[in-house]
Amino acid sequence: MEAIGRNQATAAQIQRLEDAAHNPLTGKEWPQDHHQLLQERRQLLAYRHYQEILDAYHKSQVMILSGDTGIGKSTQIPQLLVYDEYGSELRIACTQPRRLAATELATRVADEMGVVLGEEVGYQIRGDYMIDKHKPKKTRLTYMTEGILLRQLCVDRNLTAYSCIVIDEAHERTVDLDLLLALLKKVISRRKDLKLVIMSATLDAALFQKYFDNCPLVHIAGRSFNVKTIYLREPGPDFAVLAAAHVVDIHQHGEPGHILVFLPGENEIERVCKLVRGETDGLDVFPLYSSLPAANQRRALRSSGPNRKCIVSTNIAETSLTIKDVVYVVDSGLSRQMIFNPRLRMSVLGIRPISQASAIQRMGRAGRTRDGVCYRLYTKEGYDQMAPSTEPAIRCSSVESVILRLVAAGYRKVMDFDWLDAPHPESIARAVQDLRDWEFLDDDAKLTQSGHYAAYCPLDPIWYRAIKTAAKFGCSLDMLDIAALCTTQTSIFLRPSGYQQAADLLRTQFAHPLSDHLTHLNAFNAYMRAREALQERFSDPRSILEEWCMEKFLNMRALEEVCIAREMAARFLKGKIAPSRASVMDMTSVRNALAVALCTHTAIHYSGDVYRTVHENTDALLSPASSLVGRNHEWIVYTTLHKTGGKQQLQIATAINAEWLVDLPFFQGAIMPKTGKGLLRQPQVKKSLDDAKARMEARNERQ
DNA sequence: TTGTGGTGT
């Protein structure tokens with residue numbers, strides 16, 4: 001390649017390289033479509049700002065790049081940096097919040113640069129990579145998820161393999177991103193030759209600029225196409241009815257072009273679909289949400305008949321999936337959001353207004369291929385009252401694993417760490433307390449050996465502890481499966497609208513009378529058996545497996561995720577924890593291990609369907625899906641405490657014996673919640689444990 | 001009488 005020193009390239013030089021007879025990266029001739037791709041790329045706004053971006057990049061260690069979606073930031077900027085960084089002989093990483101984006105961008109950019117995917121341009125996501133690992137210099141640019149870079153940061157705290165890190169979609173503010181930025185800020189102070197480019201939507205750019213000592217900001221103004229925004233004149237009564245009416249009106253009177261409707265969830269979506277179908281002809285209506293079987297999702301995205309298409313979707317179409325040729329957007333202004341309440345250690349799921357940033361993102365979905373229209377089912381005043389940006393995820397989730405990773409990275413002052421937005425102090429305090437209860441931190445908040453392992457284990461910390469505990473009970477492999485099932489957030493059980501009762505009925509074939517954890521395990525084992533049997537008989541059993549899952553109302557995507565999580569965790573645990581399995585005939589040991597490991601998540605039966613949690617001292621019902629409903633076991637452990645639709649629920653529970661709790665440190669007198677007068681707030685807990693103790697003593701005497 | 005969306009050498 002033409003000799004350009006590191007960080008000395010000009011836009012003209014790069015253009016010359018791209019116009020040359022041979023590909024400067026490979027020395028080979030360009031692929032046939034090179035010139036056409038180049039022409040398309042040179043139309044993109046991001047490409048047209050090459051020189052301005054290079055100037056800012058050369059001048060400063062950190063820079064922020066802002067601009068609307070669809071201008072080619074994610075594809076063009078990393079390519080530009082490949083040429084500019086060529087002299088450094090180190091790699092460039094470009095992070096993405098989602099796996100799909102990482103793989104698709106890598107594929108596209110490898111094409112545009114005229115190289116083979118996995119050679120000069122590659123990707124890395126969990127359980128899958130296309131990079132040249134053996135020749136360190138070969139892969140110049142790697143698209144990866146934020147989590148992958150965080151992992152690499154744990155191993156190599158100065159990221160010595162890289163000369164430049166590009167953070168894309170920074171405005172999405174995932175938990176991993178906030179942790180990554182905080183750690184990168186430390187890295188760049190140690191490594192002055194490491195460059196950082198943060199790409200974000202316009203609205204949040206100033207925030208990042210301030211965080212990085214007022215570094216330069218380049219804004220690429222303009223968007224690919226205009227979208228006209230139409231507000232409601234006065235607030236409407238029922239957003240579902242309103243949404244349906246807008247769709248019908250657009251279909252009857254509007255110019256050609258597909259319609260995309262944003263609603264909070266599956267229920268609302270199915271309702272609107274029904275309303276619209278009843279009143280239109282020649283309109284293909286598709287629901288779209290994550291628990292929809294993959295085939296139905298594909299149909300919604302790919303179908304292209306002569307009819308107009310209307311897709312009624314959750315937030316999944318806001319960022320994760322792109323629908324071609326959308327001209328109309330109907331935005332309800334609402335979404336379901338999960339917010340963590342640190343005091344109750346409880347997640348609350350509810351329908352809330354979206355942010356302005358999110359409204360803009362939804363609107364932009366109408367202007368990807370030509371000018372569009374966005375109908376907002378709220379007033380201009382309603383829009384003005386929305387929060388400018390979506391609350392960063394680190395502010396509304398539990399932070400046990402974040403704090404653990406932070407301590408593992410060598411930062412112990414977790415309370416006054418330099419965050420972009422700090423987690424709630426109460427969240428941090430809770431996390432530190434939990435990590436101590438789980439023995440990952442000692443009394444000086446120092447990392448223990450087992451805390452060190454938990455930080456590197458690709459499972460939630462509490463599940464690493466559960467596997468460790470299970471090893472003592474001779475069932476570490478059963479617990480590994482349960483851990484993978486619980487760490488994978490999406491449920492393996494489907495309950496499609498219209499088939500709820502059938503789904504509930506079929507679920508009972510896996511039901512374990514004493515445990516939802518074991519119910520999940522039964523279903524997972526059944527899937528693994530079917531998978532193995534089919535793999536022996538067919539070379540590509542995927543579609544048959546998909547059918548098998550469909551019949552049993554199991555979510556195959558979730559089950560495959562569980563498989564990957566399990567394999568990765570198993571690889572990590574090899575040599576650290578002895579593998580063992582409980583007898584199929586008696587899973588008592590698994591329940592006992594769950595009781596010990598999840599002892600901070602115990603609840604005692606109160607009255608009727610009501611349980612009261614020991615730690616938070618709050619009343620909650622078993623989830624209606626639990627196989628323990630109506631059985632009134634005295635003690636249970638649960639995986640999560642949720643609030644949905646105003647009701648507090650305990651999800652994924654297992655019945656346990658009081659005898660298993662009496663000797664645990666967590667249940668010794670001092671830790672029990674007390675009232676101001678020093679009286680036990682839950683005398684029933686004490687009584688139950690005392691009774692259990694008496695029973696144990698009596699048994700010992702008899703022997 | 002139940003549920004938005006992501007992610008992990």
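These numbers come from the heavy atoms of this one structure, side chains and all, not from hydrogens, waters or symmetry mates. Residue numbers begin at 1 in each chain, while the letters A, B, ... track the order of the sequences.
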### Task
Could you identify which residues of residues 448-461 of chain A place a heavy atom less than 4.0 Å from some atom of DNA chain B, listed by residue number, or say none?
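Within residues 448-461 of chain A, the residues near DNA chain B are A:Y456, A:C457, A:P458, A:L459, A:D460.
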With sequence neighbours excluded, what pairs up with [X] under the side chain to side chain contact (heavy atoms under 4.5 Å, CB included) test?
{"X": "A:N632", "result": "A:H605"}
{"X": "A:C457", "result": "A:L459, A:Y464, A:F572"}
{"X": "A:K274", "result": "none"}

### Message
Across nucleotides 1-7 of chain B, 5' to 3', mark each nucleotide with B, S or - according to how protein heavy atoms within less than 4.0 Å reach it.
### Response
-BBBSBB
### Query
Taking only residues two or more places apart in sequence, or in another chain, which ones meet A:Y606 in a ring-ring contact (aromatic ring centres under 6.0 Å, His included)?
none
### Query
Can you name the salt bridge (Lys or Arg N to Asp or Glu O under 4.0 Å) partners of A:R151, sequence neighbours left out?
none
### Query
Which residues pass the salt bridge (Lys or Arg N to Asp or Glu O under 4.0 Å) test with A:D128, sequence neighbours left out?
none
### Query
What salt bridge (charged side-chain N to carboxylate O under 4.0 Å, His left out) pairs are there with at least one residue in residues 484-496 of chain A, not counting sequence neighbours?
A:R495-A:D504
